[in-house]
Amino acid sequence: MMKPQPNISTEKPLSAAQISPALFRQLLIVAILGFSSIWGIDAYSGIIAVFDAFSYPLCIGAFILIYILSFSRLNQQSLHYLAYLVVAGYLISCSIWHHLPDNGLFSNSAQWLGLNYVIVYLFLDVKKAAPATAIVFVATIVGHYIALIQNHTVNAALVVTLNMAIAHVIYIFLLWTVIKLKVTSDKIAARANTLENYAYVDLLTRVLNRRGIEKVFNELNLDSTEQQKNYAILIIDIDHFKQVNDLNGHLVGDKVLNRIAGKLSRSIHPNDILGRWGGEEFIILTLNRTPQQVMALAEKLRTAVSNLVVDDISNITISIGIGYSYEATSKEAVFKIADDHLYTAKNSGRNTIRADHF
């Protein structure tokens, strides 16, 4: 299997509601500050309604409790539901209360009802938000109709609630359109990332291909004079691989390549970079190892491959050439040194390792 490589994306497309615990807590703080500010303004002005005088501290207390619980092991989605229930419950009940007879003085609660549809898609994923939206919509319209009918004619109450219903349907439709566009955009981005990954991955061995290796090498900025990176490049060549193809066929040859790539991948450190340079050649970039440790790694790889048996094919061997960063001033020059050492190894009987001083 391919080891994860720098900037080779494997992310899944985001859902419409994917809030991290940290962001969720930030939203709770905004809610606490928002309710506290409105409570203070209304109380200072002397126009605070009886309903709000009781509901503001209850909502603030609920948000504080949810904030504390967000640090526990409780399911985060359940806390999202709870937070939404507090917000939607307050907005709907507050607006209904202010539409009751004698409670409408200085009422501006209805203007906040649209937040219910925004918040539901913010806190919940699309599949769970859709039924919640329907429930909130029905509760809002029916509740307001019941409140209005108590002090107005059936026709007047019906006209007001129908206008409210039309406005809310438009809110929901526009919001759903935005969500649909976002989800579609995420899918397109994910598909583009997948296609990009294929451009950098060798489909046979599932390790980086030549383009992927070059991309990672450039991203690591190996030639930076400021950072002075310590690294080694190992070029690995399968000995007599042409004979494997000629005697056993290319399908078996592909299987040998795949098995060797898997063995190399399992034998290196997670931070090492493995790729297929082309044909039967592989490259490994290893960071921050001493020459002795690099030689030990190379010997480990050579031994591991020599123990492989693929479809009754044994005696599979590799030759390895090594170049160290201290031997040259650029990654291209280090690569050339490793390639020269590989040439020496193959001309020295194969199944061997060649490097500076070894």
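Heavy atoms only: backbone and side chains are in, while hydrogens, waters and symmetry mates are out.
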Let me check something: any side-chain donor-acceptor pairs from residues 51-63 under 3.5 Å, sequence neighbours excluded? List them with distances.
unit_1: Asp52; atom_1: OD1; unit_2: Tyr90; atom_2: OH; d: 3.1
unit_1: Ser55; atom_1: OG; unit_2: Phe51; atom_2: O; d: 2.9
unit_1: Tyr56; atom_1: OH; unit_2: Asp42; atom_2: OD2; d: 3.2

Can a salt bridge be assigned to the pair [X] and [Y] using a cut-off of 4.0 Å between side-chain N and carboxylate O?
| X | Y | answer |
| --- | --- | --- |
| Arg289 | Asp272 | yes |
| Lys336 | Glu332 | no |
| Glu214 | Arg211 | no |

Determine whether a donor-acceptor pair (N or O, by modelled atom type, separation under 3.5 Å) exists between the side chain of His341 and the backbone of Ile322.
yes

Does CG belonging to Asn315 count more than 12 external heavy atoms closer than 6.0 Å?
no

Taking ring pair (Phe, Tyr, Trp, His ring centres under 6.0 Å) as the test, write out the residues that go with [X], two or more places apart.
| X | answer |
| --- | --- |
| His168 | Tyr117, Tyr171 |
| His80 | Phe24, Phe123 |
| Trp277 | Phe335 |

Do Tyr324 and Ile268 sit in the same hydrophobic cluster, where Ile, Leu, Val, Met, Phe, Trp and Tyr count as joined when their side-chain heavy atoms come under 4.5 Å apart?
yes

Apart from Ile149 itself, residues in the same hydrophobic cluster as defined by side-chain heavy atoms under 4.5 Å
Tyr145, Val154, Leu158, Leu162

Looking at Phe71, is Arg25 sitting on its ring face, NZ or CZ under 6.0 Å from the six-membered ring centre and within 45 degrees of the normal?
yes

With sequence neighbours left out, the residues meeting side-chain hydrogen bond (donor to acceptor under 3.5 Å, both in side chains) with Asp311 are Lys255

